[in-house]
Structure formats: C-alpha cells, structure tokens
Amino acid sequence: MTHEIAVIPGDGIGQEVTPAAVEVLEAIETVDFEFVEGDAGDAVKAETGEALPQETRDIAADADATLFGAAGETAADVILPLREVVGSFANVRPARSYPGLDAVQPDTDIVFIRENTEGVYTGIESEITEGVRTLTRVITEEASRDIAEYGFDYAKRNGYEDVTIAHKANVMRQTDGLFLETAEAVAEERSVPRTDERASGEAASSGLTYDTALMDALAMHLVMTPEEYDVIVCPNLAGDMLSDLSAGLVGGLGLLPSANVGEDNALFEPVHGSAPDIAGEGVANPSAMILSAAMLLEHLGYDEEGEHVRTAVESVLESGPRTPDLGGDAGTTDVTDAVVDEL
Ligand code: NAI
Ligand code: MG
C-alpha cells in the first residue's frame, strides 16, 4: 500500500528542513510513500497574490497526510486554512527533553492536546465604538468532548498515566464552565481522580488518573515541576501558550514537532516558523521536522517505524552532529545524514 503525502515546504527554513523529513521517510524500507509537493507562503503570494493556492489545498485534501514546513509573514493565512482543509480538531504538541542536551528542565515529557477550532481563535472580533473592541469566545460541548476523548485515548495509547484538564472556569464561568464540565464527564468514564497514589507509582495498575488545573497556576507548576505532568488537555489559547512555554523548558524551537489531527486526515509541522535570521545558511535544526515525520508514521499506524525515527533523532541529539542552536557547528544535511545512518 502506497501512502500519498502532501509536502508543503513553505518559506525560509521550511525549504531546508522539509526535504530532510522526506529523506528520512524515504529511508524507511517497510513503508511506501508517494510525495506530492505544493506551494504556500510568502514567496507564492508575491508571485500569484495567494498565500495558499487552491491547487495546494486540493493536494492536502486528497493526500493521506500532509507535511508542512513553515510560512513567513503569511503564516496565519496558510496554517489556519490548512488545518481546516484536513478537518483538524486536535493539535498535539509533545514537549520532551532529550538526554545529553542542556535543557532548563531535563525531566520533561508532556504532551499538550490543544483544542484546535474554537475558543478565542474564532476571529469573531469587532469594534463596538472608537476605543472599544470585543472578541467572541466560543466553546461548544461537541468540541470539548472531542478534545477530551482524544486526550484520554492518546494517553492510553501512548503509555502515559495521567491527564490534566486545564481551564479557567472560576472566571470564564459559562465558556470554560462548559469545557470543564464536559471534559470531566469524559474523565470520569475513563479514569480515576489523581490522588497521592500517583506519587507512589501505583497509578499504572489502576489505569489512567486525572486532575483539573487552573491554567494560570498550571503555568507556574509547569516551570517548577514539569515532571509531574503527562498529558494536558487544553482550550485553544491555553494550549498554544502553555506548549510554547514548555518548549522553553526542553531546549527550544528546533526540537518541537506537532500534529494537527482530524477524523480522517492530518497535518504534521514543526512548532517553529520560517526563521528568516538563519534561512539560506543551511544550519537549521531539522529535528523538529523529522520528529513531525515520526508522528506522521505513528498516525498512519506505523508505530514501530515512528519509534525508530524518534530513537534515531534522540541518538543524534545525544552524540552529535549538532546544529548551532544546540551549540554545534554542523549543517542541516549533516544532522539529516546522521539520522538516516542511525536508521
Ligand atoms: P521562528 O520560529 O521562525 O524563529 C524564532 C527563533 O528560533 C529564531 O531565532 C530562529 O532562528 C530560531 N529557530 C526556529 N526554528 C529553528 C530551527 N529549526 N533550527 C534552528 N533555529 C531555529 O519564529 P519567529 O522569528 O517569531 O517568526 C519568523 C517568521 O515565521 C514570521 O514571519 C512568522 O510569521 C513565521 N511563523 C510561522 C509559523 C508557521 O508557519 N507555523 C509559526 C511561527 C512563526
Ligand atoms: Mg504558537
């Protein structure tokens, strides 16, 4: 069976790290891919007036999955519609620290499951009168249930023990009230409340545990004791901010992959952008993009292959070569070649 993968490198270092991920996928002998390339971003907008041409939308819609590098100034005009094209409701953002790297918090292994369609990212904003503007925050029971169910399934499937539901229902009583109520109902069906038993390591025998957390206090706990968290289910904005915060804990943007998951399509992209400050120099760290390709493999059901890719990246991160963002002097292709050799 051949899997059709849409490949959209985009702008800046997207053009450098995306081929690295394709090269790694091509090195996996047990899976057949056909890659179809599409344009998106600043460069194609300058040429055609459109940041996301219809042809590229069609390529992503028809593919089994999409790999996206990064766009520049036009990022919002590219990634938001692309997430819609693949029908993505869940944004999966793992923040893991790797052995041998000098991370702020070397014991971090957290996966953020961020609601990807509503919250404050609805774009429903208006100017009421001069100097007064409003935004409509939308929370639905359906999207809250979908993201909570996805979070608990993800935790179980990937061997995590605990799920935290982030919210601010004490202030946003209606909207986050509904989010919390709905997510907790899912939690009660699938887990037991987190108690001290987790500290004594008995959670695994009783299945998943869960807890709820106010998102502001959670931000502090993530900085101080990230090792206490596994999977965190969040409304849209909270997930965006808490996952970027956690990126800082584990060594920076060059390391963080992500997935935008829908019912029957998905898009995989590094968390970073087009990095104009280093674009064209051949020194971008391809790890985030290659780890995104590992998530793609797992999404298509190739868990073992995904794990191989992750292990290969881990081993190269530990023993080198490393790009300048991690203190080394290697180039993108040196790191990519090393990962392919590991495979
Ligand atoms: P950025 O992620 O592009 O860069 C931030 C810093 O991290 C820079 O110093 C960059 O050199 C470094 N960096 C990022 N990825 C790296 C990698 N793989 N290897 C080594 N160093 C890396 O974010 P910034 O500077 O805020 O935005 C630059 C452009 O990217 C903007 O035009 C923005 O709109 C766009 N952007 C696009 C995104 C997307 O397409 N999903 C996401 C974020 C930003
Ligand atoms: Mg962000």
Side-chain angles (χ1 to χ4, degrees), residues 6-21 23-24 38-46 51-52 56 60 66-86 88 91-93 95 98 101-103 112 114 116 121 236-237 239-241 243-260 266-295 313 316-317 320-336 338-339:
V7 178
I8 307 175
D11 299 311
I13 63 166
Q15 292 284 344
E16 300 165 44
V17 296
T18 310
E23 203 180 316
V24 167
D39 292 326
D42 299 358
V44 67
K45 185 175 181 183
L52 185 64
T56 307
T66 295
L67 272 180
F68 171 58
E73 295 303 312
T74 54
D77 305 322
V78 174
I79 190 63
L80 297 180
L82 270 181
R83 284 176 184 158
E84 255 173 61
V85 166
V86 302
S88 160
N91 188 199
V92 181
R93 295 182 162 202
Y98 294 95
L101 291 183
D102 202 12
F112 291 90
R114 164 191 172 197
N116 214 10
Y121 289 179
N236 205 338
L237 174 64
D240 196 3
M241 298 189 53
S243 62
D244 275 27
L245 175 146
S246 304
L249 300 177
V250 302
L253 284 167
L255 299 175
L256 282 133
S258 78
N260 297 274
L267 176 145
F268 301 82
E269 53 167 341
V271 170
H272 65 71
S274 62
D277 53 338
I278 58 165
E281 291 173 20
V283 295
N285 187 346
S287 302
M289 189 78 217
I290 295 172
L291 291 167
S292 301
M295 293 180 84
V313 171
V316 172
L317 284 173
R322 287 181 186 167
T323 43
D325 56 308
L326 300 177
D329 57 8
T332 309
T333 50
D334 302 321
V335 175
T336 309
V339 172

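The figures that follow rest on heavy atoms only: side chains count, while hydrogens, waters and symmetry mates do not. All ligand and atom numbering here is 1-based and tracks the order in the structure.
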- prompt: In terms of residue, atom name and distance, what is the protein heavy atom nearest to atom 2 (O) of ligand 1?
  reply: Gly273 N, 2.7 Å
task: Flag Gly72 as yes when one of its N or O atoms lies below 3.5 Å from any N or O atom of ligand 1, and as no otherwise.
output: yes
- prompt: Counting heavy atoms only, which of Val335, Val78, Asp325 is nearest atom 20 (C) of ligand 1?
  reply: Asp325
query: Does Ala275, backbone or side chain, put an N or O under 3.5 Å from an N or O of ligand 1?
result: yes
4.0 Å protein heavy-atom contact status of atom 17 (C) of ligand 1, strictly under: yes
- prompt: In terms of residue, atom name and distance, what is the protein heavy atom nearest to atom 8 (C) of ligand 1?
  reply: Asp277 OD2, 3.3 Å
- prompt: Any sub-3.5 Å donor-acceptor pair from Asn91's side-chain atoms to Asn116's backbone N or O?
  reply: no
message: If you take the nearest heavy atom of each of Ala71, Ser287, Ala40, which one is closest to atom 37 (C) of ligand 1?
response: Ala71
query: In the protein, what heavy atom is nearest to atom 22 (C) of ligand 1, and what distance, to one decimal place, separates them?
result: Ile278 CD1, 4.1 Å
message: Has Thr332 got a side-chain atom pairing as donor or acceptor with Ala284's backbone, closer than 3.5 angstrom?
response: yes
- request: May I ask you to identify the nearest protein heavy atom to atom 25 (O) of ligand 1, giving residue, atom name and distance to one decimal place in Å?
  value: Pro276 CD, 4.7 Å
query: Do Thr66 and Glu269 have side-chain heavy atoms sitting under 4.5 Å apart?
result: no
task: Starting at CG of Leu317, measure out to CG of Leu291 and round the result to the nearest 0.5 Å.
output: 7.5 Å
Ligand 1 to Val17 polar contact by distance, N or O atoms, under 3.5 Å: no
- line: the protein heavy atom lying closest to atom 14 (C) of ligand 1 turns out to be His272 CB, 3.6 Å
- prompt: Can you find a protein heavy atom closer to atom 27 (O) of ligand 1 than 4.0 Å?
  reply: no
query: Where's the contact between Ile13 and ligand 1, heavy-atom distance under 4.0 Å: side chain, backbone, both or neither?
result: side chain
- prompt: Does any non-hydrogen side-chain atom of Arg83 lie less than 4.5 Å from one of Leu267?
  reply: no
query: Applying a 4.0 Å heavy-atom criterion (strictly less than), which segment of Ile79 is in contact with ligand 1: side chain, backbone, both, or neither?
result: neither
- request: Could you check atom 6 (C) of ligand 1 against the protein and tell me its nearest heavy-atom contact, residue, atom and distance included?
  value: Leu253 CD1, 4.5 Å
query: Where is the tightest heavy-atom contact between Ala279 and Ile13, given as atom of each residue plus distance?
result: CA-CG2, 3.8 Å
- request: For the residue pair Asn285 and His272, establish whether any side-chain heavy-atom pair is separated by less than 4.5 Å.
  value: no
message: Between Asp11 and Ala43 (side chain of the first, backbone of the second, donor and acceptor by atom type, cut-off under 3.5 Å), is there such a pair?
response: yes
- request: Using a strict 4.0 Å cut-off to heavy atoms of Ala70, name the atoms of ligand 1 that fall inside it.
  value: 40 (O)
task: Determine whether Leu82 and Ile8 make a side-chain contact, defined as any pair of heavy atoms from C-beta on separated by less than 4.5 Å.
output: yes
- prompt: Which is it for Ala288 and ligand 1 at heavy atoms under 4.0 Å: side chain, backbone, both or neither?
  reply: neither
message: I'd like to check Tyr121 versus Asp240 (side-chain heavy atoms, cut-off strictly below 4.5 Å). Are they in contact?
response: yes
- prompt: Should you measure from each heavy atom of Ser274, which atoms of ligand 1 turn up under 4.0 Å away?
  reply: 3 (O), 29 (C), 30 (O)
query: Is there side-chain contact between Val283 and Glu16, with heavy atoms separated by less than 4.5 Å?
result: no
- prompt: Of all the non-hydrogen atoms in the protein, which one sits nearest to atom 19 (N) of ligand 1, and at what distance?
  reply: Asn285 N, 2.9 Å
- prompt: Any side-chain heavy-atom pair from Asp325 and Leu255 closer than 4.5 angstrom?
  reply: no
task: Report the part of Glu269 (side chain from C-beta onward, or backbone N, CA, C, O) that has a heavy atom under 4.0 Å from ligand 1; answer both or neither where that applies.
output: side chain
